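Below: the structure, in structure tokens.
The residues of the chain are indexed from 1 along the displayed sequence. Owing to the predicted nature of the structure, the values given are computational and were not obtained by experimental measurement.
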Amino acid sequence: MAKEIPNVGDLRRKAEITDEEIEAATAAYLKDESAKPFAFKSGHTADVAKAIEMHPQAKKLLAVEATTPGLRRTMVKTAVIMGLPVQG
């Protein structure tokens, strides 16, 4: 059986990634959508732009200019949590 790849939320539940790091990854993307992948202290990195691309609802709402800042933050954070990080 193939080993399942944990998402950021799974790593958060294992305390390998903190809430503060998730917030920092979210803030970094909101500040600069072309930001490089976010590096967590655990050694994992997450490409937030790719995570958004893979999350249909986030992708849809972030494409709408009228989407409120609060909803933008929520959608980016959700995509980060559901995103698949790379280790190393």
Side-chain angles (χ1 to χ4, degrees):
M1 179 186 248
K3 183 178 177 184
E4 188 171 321
I5 300 171
N7 63 27
V8 171
D10 295 330
L11 295 173
R12 169 60 193 102
R13 282 186 289 284
K14 293 178 181 178
E16 291 183 42
I17 291 176
T18 66
D19 290 333
E20 292 78 14
E21 289 178 299
I22 293 170
E23 289 292 339
T26 300
Y29 178 83
L30 289 169
K31 184 177 178 181
D32 179 7
E33 292 179 8
S34 65
K36 63 181 181 176
F38 186 84
F40 295 98
K41 291 177 187 172
S42 65
H44 293 86
T45 59
D47 185 336
V48 179
K50 185 174 181 181
I52 290 167
E53 187 69 29
M54 301 303 292
H55 190 286
Q57 189 68 16
K59 182 179 176 181
K60 179 180 175 183
L61 287 171
L62 292 170
V64 176
E65 194 172 313
T67 301
T68 64
L71 184 53
R72 285 184 180 283
R73 177 172 290 285
T74 298
M75 288 290 92
V76 172
K77 185 175 179 179
T78 300
V80 168
I81 291 169
M82 294 179 71
L84 299 175
V86 175
Q87 187 171 16

side-chain hydrogen bond (donor to acceptor under 3.5 Å, both in side chains) against Arg73, all qualifying residues, sequence neighbours excluded: none
Any donor-acceptor N/O pair, Gln87 side chain to Gly43 backbone, under 3.5 Å: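 Answer holds: no.
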Pairs flagged by ring pair (Phe, Tyr, Trp, His ring centres under 6.0 Å) wherever residues 46-70 is involved - sequence neighbours left out: none
Pairwise salt bridge (Lys or Arg N to Asp or Glu O under 4.0 Å) hits with a residue in residues 42-51, at least two apart: none
From [X] atom [atom1] to [Y] atom [atom2], the distance as rounded to the nearest 0.5 Å:
X	Y	atom1	atom2	result
Lys60	Met75	NZ	CE	11.5 Å
Ser42	Arg12	OG	CZ	12.0 Å
Asp10	Leu84	CG	CG	9.0 Å
Met82	Ile52	CE	CD1	12.5 Å

Heavy-atom pair of closest approach, residues Ala25 and Val80: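 Taking every non-hydrogen atom into account, CB-CG1, 4.3 Å.
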Exercise: identify the closest heavy-atom pair between Ala51 and Gly83: CB-CA, 4.2 Å
Salt bridge (charged side-chain N to carboxylate O under 4.0 Å, His left out) between Lys41 and Glu21, intermediate numbers included: CA-CA 8 Å; Lys41 291 177 187 172; Glu21 289 178 299; 5.4 Å; no
Under the salt bridge (Lys or Arg N to Asp or Glu O under 4.0 Å) test, residues paired with Lys59 that sit two or more places apart: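 Expected list: Glu53.
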Contacts of type side chain to side chain contact (heavy atoms under 4.5 Å, CB included), residue Thr67, not counting sequence neighbours: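 Only Leu61, Val64, Leu71, Arg72 meet the side chain to side chain contact (heavy atoms under 4.5 Å, CB included) criterion with Thr67.
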Leu11: side chain to side chain contact (heavy atoms under 4.5 Å, CB included) partners, not counting sequence neighbours: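 Leu11 satisfies side chain to side chain contact (heavy atoms under 4.5 Å, CB included) with Pro6, Glu16, Ile17, His44, Pro85 once adjacent residues are dropped.
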Using a 3.5 Å cut-off and no angle test, enumerate the donor-acceptor pairs between side-chain atoms of residues 31-40 and protein atoms at least two apart in sequence or in another chain.
residue: Asp32; atom: OD1; partner: Ser34; partner atom: N; Å: 3.0
residue: Asp32; atom: OD1; partner: Ser34; partner atom: OG; Å: 2.7

Criterion side chain to side chain contact (heavy atoms under 4.5 Å, CB included) on Val76 and Leu62, from CA distance to verdict: CA-CA 8 Å; Val76 172; Leu62 292 170; 3.8 Å; yes
